[in-house]
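The structure appears right after this line, and notes come after that.
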Amino acid sequence: MAIVGKKFPSVSIDAMSEMGDDLKINVFEEAVSKGKKVLLFWYPKDFTFVCPTELHAFQAALPDFEKRNTIVIGASCDTNEVHFAWLNTPKDNGGIEGVTYPILADTHRHLSNILGIVEQEVEYDEEGNESFTGSNVTYRATYLIDETGKVFHESVNDMPVGRNVKEYLRLIDAYAHVQKHGEVCPANWEEGKEAMNANRTGVAEYLSAN
């Protein structure tokens, strides 16, 4: 279910801080009340393989997101207790020690089911009995949310495919440029490159110069 251009669901979810504090986080309210953009990224499971590489990559880029007035929040369907155990596991042992942004613990699949990102299928036999197939964990979904709570980007990777953190920085830069200048950003646009006006003259001038 695509939600680009719509408000992010206003739902409060359990979360874990780096210090072991049990939190309740409403991603929509984080954006609106703090006047910040939010990058929310979902990963399948704690103590797995691709996942810690992504959490450390987002941590390494945290200063770049902060410069862009953007909050980073991780999320999975693991419990706060499992999150805390992973946060206390050293990096060289597959852990995420050193990660400082909060991590949602959507153990009831409330928000992830609203977003439609859980790998699960429901089947019914001839007698109407339910059976479930799939891992019951989330895909690698990513949401970029603006200061009004509106989603301006969403993407979903299959579980074996890790994300490129730099692309989210580029997308935030592009959206911020649109917000500030009212121009639109063409393919492969990066900060400092030429954008264009959203009309026939604008596209003609851009294409003739590029």
Side-chain angles (χ1 to χ4, degrees), residues 1-4 6-34 36-59 62 65 70-89 94-97 99-122 130 132-146 149-163 165 168:
M1 177 182 70
I3 61 170
V4 166
K6 301 175 184 177
K7 298 293 186 183
F8 193 81
S10 182
V11 178
S12 294
I13 301 294
D14 289 336
M16 173 58 58
S17 77
E18 60 167 316
M19 302 302 294
D21 298 318
D22 292 319
L23 309 173
K24 281 278 189 182
I25 292 180
N26 182 315
V27 174
F28 175 84
E29 290 296 334
E30 285 289 298
V32 174
S33 66
K34 295 180 179 178
K36 292 179 178 287
K37 294 180 176 67
V38 176
L39 182 146
L40 171 66
F41 73 97
W42 293 80
Y43 61 92
K45 211 170 183 181
D46 293 357
F47 290 100
T48 52
F49 317 111
V50 175
C51 297
T53 70
E54 291 191 312
L55 274 83
H56 285 296
F58 280 111
Q59 178 65 34
L62 203 56
F65 286 106
T70 301
I71 300 168
V72 173
I73 301 174
S76 79
C77 296
D78 296 279
T79 66
N80 269 353
E81 292 77 13
V82 176
H83 284 339
F84 189 56
W86 204 25
L87 283 162
N88 281 279
T89 301
I96 58 167
E97 187 177 45
V99 166
T100 60
Y101 49 81
I103 305 173
L104 300 186
D106 189 25
T107 54
H108 297 292
R109 276 74 172 165
H110 186 186
L111 181 54
S112 51
N113 275 319
I114 291 173
L115 297 171
I117 57 172
V118 179
E119 191 208 21
Q120 184 184 83
E121 296 291 335
V122 183
E130 289 183 336
F132 297 89
T133 59
S135 65
N136 201 33
V137 299
T138 64
Y139 293 103
R140 298 186 193 282
T142 313
Y143 298 88
L144 292 175
I145 302 149
D146 73 11
K150 187 182 82 171
V151 177
F152 65 91
H153 169 83
E154 66 177 310
S155 59
V156 183
N157 291 6
D158 201 356
M159 294 177 193
V161 182
R163 280 163 279 218
V165 173
Y168 301 109

Is it the case that more than 12 heavy atoms not belonging to Phe47 sit under 6.0 Å from its CZ atom?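 Above 12, so yes.
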
Does a sphere of radius 6.0 Å around NE2 in His56 hold more than 12 heavy atoms from other residues, nucleotides or ligands, not counting ones at 6.0 Å or beyond?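 For His56, atom NE2 is crowded (more than 12 foreign heavy atoms under 6.0 Å).
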
Testing Asp78, Asp46, Asp14, Asn88 one by one against His83 for a side chain to side chain donor-acceptor pair (under 3.5 Å), which residue passes?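 Single pass found, and it is Asp46.
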
What distance do [X] atom [atom1] and [Y] atom [atom2] have between them, rounded to the nearest 0.5 Å?
X	Y	atom1	atom2	result
Leu55	Trp86	CG	CH2	5.0 Å
Ser155	Arg140	OG	CZ	12.0 Å
Asp106	Ile117	CG	CD1	8.0 Å
Trp42	Ser76	CH2	OG	8.0 Å

Can any side-chain N or O of [X] pair as donor or acceptor with the backbone N or O of [Y] at less than 3.5 Å?
X	Y	answer
Glu54	Gly162	no
Thr89	Ala85	yes
Asn26	Phe28	yes
Glu154	Val4	yes
Arg163	Ala141	yes
Asn113	Arg109	yes
Thr138	Tyr43	yes

Verdict with reasoning, Leu87 to Val99, per side-chain contact (heavy atoms from CB on, under 4.5 Å): CA-CA 7 Å; Leu87 283 162; Val99 166; 4.0 Å; yes

Run Asp22 and Asn80 through side-chain hydrogen bond (donor to acceptor under 3.5 Å, both in side chains) and show every step you take. CA-CA 7 Å; Asp22 292 319; Asn80 269 353; 3.0 Å; yes

Distance-minimising heavy-atom pair for Ala31 and Asp146: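 Nearest pair, atom of Ala31 first, then Asp146: CB-O, 3.4 Å.
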
To check you understand the geometry: which heavy-atom pair defines the closest contact between Cys51 and Thr48, and what is its length?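 Result for this residue pair: SG-OG1, 3.1 Å.
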
Can Thr100 and Glu18 be said to form a side-chain hydrogen bond (donor to acceptor under 3.5 Å, both in side chains), step by step? CA-CA 5 Å; Thr100 60; Glu18 60 167 316; 4.9 Å; no

Does the ring centre of Tyr101 sit less than 6.0 Å away from the ring centre of Phe58?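 No - the distance between ring centres of Phe58 and Tyr101 does not fall below the 6.0 Å cut-off.
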
